[in-house]
K.L.:
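Encoded as structure tokens, here's the structure I'll be asking about.
All ligand and atom numbering here is 1-based and tracks the order in the structure. For the numbers below, each heavy atom of this structure counts, side chains included, while hydrogens, waters and symmetry mates do not.
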Amino acid sequence: MTASLYVHVPFCVVKCAYCDFHSTPISQEPGVADHFAWAVGEGVVHWAALGALDDVASIYVGGGTPTTLGPALVSLVEALSRSVRLAPYAEVTVETNPDTTDAALVAHLVDAGVNRFSLGVQSFDDVVLRTLGRCHTAASAQRAIEELVSAGAKVAVDLICGVPGQSLDSWRDSVERAVASGVGHVSVYPLSLEEGTPLAESVASGALAAPNEDVAAEMMELASARLAAAGLRRYEIASYARDGDESKHNIGYWTGRPYVGIGPSAASMLPADVFEAAIACEAWSDPGVTGVGRTLESVPAGTGRIRFVRSADTIAFLRKPVGPPEEVEYLTPAEAAAEDAMLGLRLADGIPDALATSAGSAEVLAGLESRRLVEHVDGRWRVTHSGWLLGNEVFEAVWNAGARRGLVWHSL
Ligand code: SF4
């Protein structure tokens, strides 16, 4: 089985004002980073023993900010390389932030096998960075990019548009500086106000203006045109890359490749038979999961997929790196197809006819074609430029087409 491996590092320098990811400022207690690296190593050994990591197409160490672990991150990456069987040309990505990107650490990570860094820049405007509660400046982001590029690894940067107070000129300048930096991959996201975050509270209290969707859409269009002109092809709704710099790991998510997630709150998605092998192991001897196993006995052998999520409790993970999941979902083959069709349409290459048919979405896609939101070319369905602008409507329609046929989610 070809799979991806995701490691979630739940630590950051500080919590950004807009962030609802599972992350906390890293503890200053000595030994935490080393203990975390050890715990991840235990998790990898467990999944490798079950045969889930025999052919790993990509590793992504994300979070959080993995580089807050410092030298322990190098040990963590070395442990991964020792335990998994990496496919030829496998992509090994580490997420980082400008203020934790250190030339010596980067060099050691590259020596340990990291060949791609994803750097959270978000903006090259210090005022916008302060609104977002980022702990770095535009100058430190620039320095970090230079260090990563000179280390010889591929570099991806993220930018956020539609931030309160962000002008079109400020956004244009950030896109220009991303292009000028020479990175091969840029992701562009509109700001999403997440409930309970300090930024959402500032907007609710009137201290900050609410993000304007039309302005954000205009900014996305500006970025799309400028990045395309610079040779960065839009290969996914929010992702632009030079040829060969596309994210193999993310393409795995969008094309239904199984993945193993390790770390607090990490999700995994595996074929049902691999999951059943995990249930049988002693470390998972939990009555709830055993019950899931009994329910799976009614599933035709070897069909469908399971998605499951570890507890978000970091202390619990450090105490017991290998343990039963907190949530489990079973997807029938038809449900899995509906999900693959919805996610595959995020890609510029779209989905083949066969997948549209097994997902039950061919009729809905024909309807969307009449509105010019999708097109049918050479046996594939692809979202058009107008469709990108209404992406959520298109994806929801395809997903609901599956749901109308009774292909619904259920938790066990
Ligand atoms: S660095 Fe990323 S994960 Fe950490 S708080 Fe900021 S947005 Fe969240």
K.L.:
Give every residue pair that meets the salt bridge (charged side-chain N to carboxylate O under 4.0 Å, His left out) criterion with at least one member in residues 192-220, sequence neighbours excluded.
P.N.:
none

K.L.:
Around atom 8 (Fe) of ligand 1, what protein N, O or S atoms are found below 2.8 Å?
P.N.:
Cys19 SG

K.L.:
Between Asn97 and ligand 1, find which residue part has any heavy-atom pair under 4.0 Å and reply side chain, backbone, both or neither.
P.N.:
side chain

K.L.:
With sequence neighbours excluded, tell me which residues meet ring pair (Phe, Tyr, Trp, His ring centres under 6.0 Å) with Tyr235.
P.N.:
His185

K.L.:
Look at the rings of Phe317 and Phe36 and say which category their plane angle falls in: under 30° parallel, 30 to 60° tilted, over 60° perpendicular.
P.N.:
tilted

K.L.:
Less than 4.0 angstrom from a charged side-chain N to a carboxylate O is my criterion; do Arg226 and Glu176 meet it?
P.N.:
yes

K.L.:
So with a 6.0 Å cut-off around CZ of Arg85, is the heavy-atom count from everything else above 12?
P.N.:
no

K.L.:
Answer yes or no for Val14: is there a heavy-atom contact with ligand 1 below 4.0 Å?
P.N.:
yes

K.L.:
Could you check whether Ser386 and Arg372, counting side-chain N and O atoms only, form a donor-acceptor pair closer than 3.5 Å?
P.N.:
no

K.L.:
For residues 60-74, run the donor-acceptor check on the side chains, cut-off 3.5 Å, and write out each pair with its distance to 0.1 Å, sequence neighbours left out.
P.N.:
from  : atom 1 : to     : atom 2 : distance (Å)
Tyr60 : OH     : Glu95  : OE2    : 2.8
Thr65 : OG1    : Asn97  : ND2    : 3.4
Thr67 : OG1    : Thr96  : OG1    : 2.9
Thr67 : OG1    : Thr100 : OG1    : 2.7
Thr68 : OG1    : Thr65  : O      : 2.6

K.L.:
Quick one: does Arg134 get within less than 4.0 Å of ligand 1, heavy atoms only?
P.N.:
yes

